[in-house]
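Structure, as structure tokens:
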There are 2 protein chains.
Amino acid sequence: MVFRKNNVLSASQEDYLEAILNVADGSGMARSTDIAVSLGVAKPSVTGAIKLLAHRGLVNYKPYGCVTFTQKGFSQAGRVAQRHEIIKSFFMDVLGVDAAVAQKAACKAEHLLGPVIISRMRDFTNLTKRNARRRRNPTRIAKVKGAKR
Amino acid sequence: MVFRKNNVLSASQEDYLEAILNVADGSGMARSTDIAVSLGVAKPSVTGAIKLLAHRGLVNYKPYGCVTFTQKGFSQAGRVAQRHEIIKSFFMDVLGVDAAVAQKAACKAEHLLGPVIISRMRDFTNLTKRNARRRRNPTRIAKVKGAKR
DNA sequence: CAGGAATGTTAGTTATGACTAACATTTTGT
DNA sequence: ACAAAATGTTAGTCATAACTAACATTCCTG
């Protein structure tokens, strides 16, 4: 296993971070097999990926032990998960595609859309939802003092 | 060079098809060096990719000659370029990001967004543009008989 | 039309990230 | 507590897709 210096996470590495976050789900620790199942890869692939993430200081690796995040790793994983959520919501709430399609597309798009597009998507989703609420219940919002139109 | 049977084009292969289309620009034939420059890769990478596309029946390859599309390759390249355009326009006209960012993101997203999302993007862009026209010139459209509001 | 410049190819290498088979360790059920 | 099951690792391989160095071909230009 040779490690090279490169500061940017690959799509694959981001996927692993995200999977660890999902699998750990609050407990803060993830098992190798669960990660493998979650990503649909074989166990040895997980070992390799974890070692790489450990080398980058994003997770704590101990042979035969559970994987835990470092602080840096945790915040990085959070950012990826946030991007995922924003994209998925945008696809669902703005474009109106169904959850499964949105989920799948978000998994791929989260690795390549930059901050500008992501933030526009977030704004757009919020706007769309706000408008939807207003349409459902126009009086309630119209009554709010000083509501921007 | 070993060729394996797999019907789906990789992102890289789609990039080459698109580059050939852009470089050929009507003439229908593309030179290796121009493709290399267009994609920012070295010349030997182009040779390899072209051979692969030729093996799949998408382009005609003759050593030291220009590359031309087969019918199949031409329509496939067209579909990729169309996806690219739809995504780019969506990012620009709907999300309002600038051309350079939209272009770059479209280059990557075009390989992974499925038909459902692409078609919603197209509809959305058209709708947005229509509305923009209406806002610019309200009377003309307001006069149309039975226009929905 | 000869010879250098431009263009294209071959051969061999590297990086990433998956896989399987076989082995090591840990956990669990009786 | 100990054997079997579950879990994790190592070693070796494969696929994709890039790269460089060196060689081959084609093209221009004097």
Side-chain angles (χ1 to χ4, degrees), chain A residues 1-20 23-25 27 29-56 58-69 80 107-108 110-112, chain B residues 1-20 23-25 27 29-56 58-69 80 107-108 110-112:
Chain A
M1 185 83 61
V2 184
F3 296 114
R4 276 146 203 105
K5 59 300 168 192
N6 178 354
N7 286 328
V8 190
L9 289 179
S10 69
S12 159
Q13 283 156 16
E14 290 190 343
D15 280 334
Y16 278 100
L17 278 188
E18 212 180 352
I20 294 167
V23 161
D25 194 33
S27 79
M29 55 206 306
R31 292 191 323 158
S32 203
T33 296
D34 297 334
I35 299 168
V37 170
S38 153
L39 288 174
V41 300
K43 290 181 294 173
S45 308
V46 177
T47 303
I50 296 305
K51 282 183 175 177
L52 212 132
L53 292 174
H55 184 260
R56 295 187 150 200
L58 299 174
V59 301
N60 305 115
Y61 170 70
K62 211 182 171 189
Y64 299 100
C66 281
V67 182
T68 56
F69 280 120
V80 177
C107 275
K108 299 175 194 163
E110 70 195 12
H111 307 299
L112 50 85
Chain B
M1 185 81 62
V2 185
F3 296 114
R4 275 147 203 103
K5 62 291 169 199
N6 177 356
N7 286 329
V8 190
L9 287 180
S10 69
S12 159
Q13 282 157 17
E14 289 190 345
D15 280 333
Y16 279 98
L17 279 188
E18 213 179 352
I20 294 167
V23 161
D25 193 34
S27 81
M29 54 207 305
R31 291 190 324 156
S32 202
T33 296
D34 296 334
I35 299 169
V37 169
S38 154
L39 288 174
V41 300
K43 290 182 294 174
S45 307
V46 177
T47 304
I50 296 304
K51 282 184 176 175
L52 211 132
L53 292 174
H55 185 259
R56 295 186 151 204
L58 300 173
V59 301
N60 305 114
Y61 170 69
K62 211 182 172 189
Y64 299 100
C66 281
V67 181
T68 56
F69 280 120
V80 176
C107 276
K108 299 175 193 164
E110 71 195 11
H111 307 298
L112 49 87

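Lettering of chains follows the sequences in order, A, B, ..., and the numbering in each one begins at 1.
Following rounding to the nearest Å, A/F3 (CZ) and C/dG17 (C1') show an atom-to-atom distance of 13 Å. Distance, B/H111 NE2 to D/dA17 C1': 14 Å, rounded to whole Å. If you take CG of A/D15 and C1' of C/dG17, they are 12 Å apart, rounded to a whole angstrom. Atom CZ in A/R31 sits roughly 8 Å away from atom C1' in D/dA6 (whole-Å rounding). What separates CG of B/D34 from P of C/dA6 is a distance of 14 Å, to the nearest Å. Rounded to whole angstrom, the span from the CD1 atom of B/I50 across to the P atom of D/dA17 amounts to 13 Å. Rounded to whole Å, atom P of D/dG8 lies 8 Å from atom CD1 of A/I35. The nearest whole Å value for the distance from the NZ atom in B/K62 to the C1' atom in C/dT9 is 16 Å.
Here A/T33 does not reach the OP1 or OP2 of D/dA6: none of its side-chain N or O atoms lies under 4.0 Å away. In this structure, B/Y61 does not reach the C/dG8 phosphate: none of its side-chain N or O atoms is under 4.0 Å from OP1 or OP2. Taking only side-chain nitrogens and oxygens, A/Q13 comes nearer than 4.0 Å to OP1 or OP2 of C/dG17. For C/dT9, neither phosphate oxygen OP1 nor OP2 lies less than 4.0 angstrom from any side-chain nitrogen or oxygen of B/K51.
The closest side-chain heavy-atom distance from B/Y61 to B/H55 is not below 4.5 Å. Counting only heavy atoms from C-beta outward, the side chains of A/S45 and A/Y16 approach each other to under 4.5 Å. With a 4.5 Å cut-off on side-chain heavy atoms, B/F69 and B/I20 count as touching. Between B/T33 and B/K43 the shortest side-chain heavy-atom distance falls below 4.5 Å. Considering only heavy atoms from C-beta on, B/R31 stays 4.5 Å or farther from B/V23 through its side chain. The side-chain heavy atoms of B/L17 and B/L9, taken from C-beta on, include a pair separated by under 4.5 Å. Counting only heavy atoms from C-beta outward, the side chains of B/E110 and B/V80 approach each other to under 4.5 Å.
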Response to the item:
Contact string for nucleotides 18-23 of chain D, one letter per nucleotide 5' to 3', B = base within protein heavy-atom range under 4.0 Å, S = sugar-phosphate only, - = neither, reads SBBB--
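Atoms CD and NE2, from B/E18 and B/H111 in turn, are 6.5 Å apart once rounded to the nearest 0.5 Å.
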Pairs under 3.5 Å (N/O, protein and nucleotides 12-15 of chain C):
from, atom 1, to, atom 2, distance (Å)
C/dA15, OP1, A/R4, NE, 2.9
C/dA15, OP2, A/R4, NH2, 2.9

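Position along DNA chain C of the nearest nucleotide to B/T47 versus A/A11 favours B/T47 as the more 5'-ward residue.
Each of A/L52, A/V46, A/T47 was evaluated against A/I50; a single residue qualifies, A/V46, per the side-chain contact (heavy atoms from CB on, under 4.5 Å) test.
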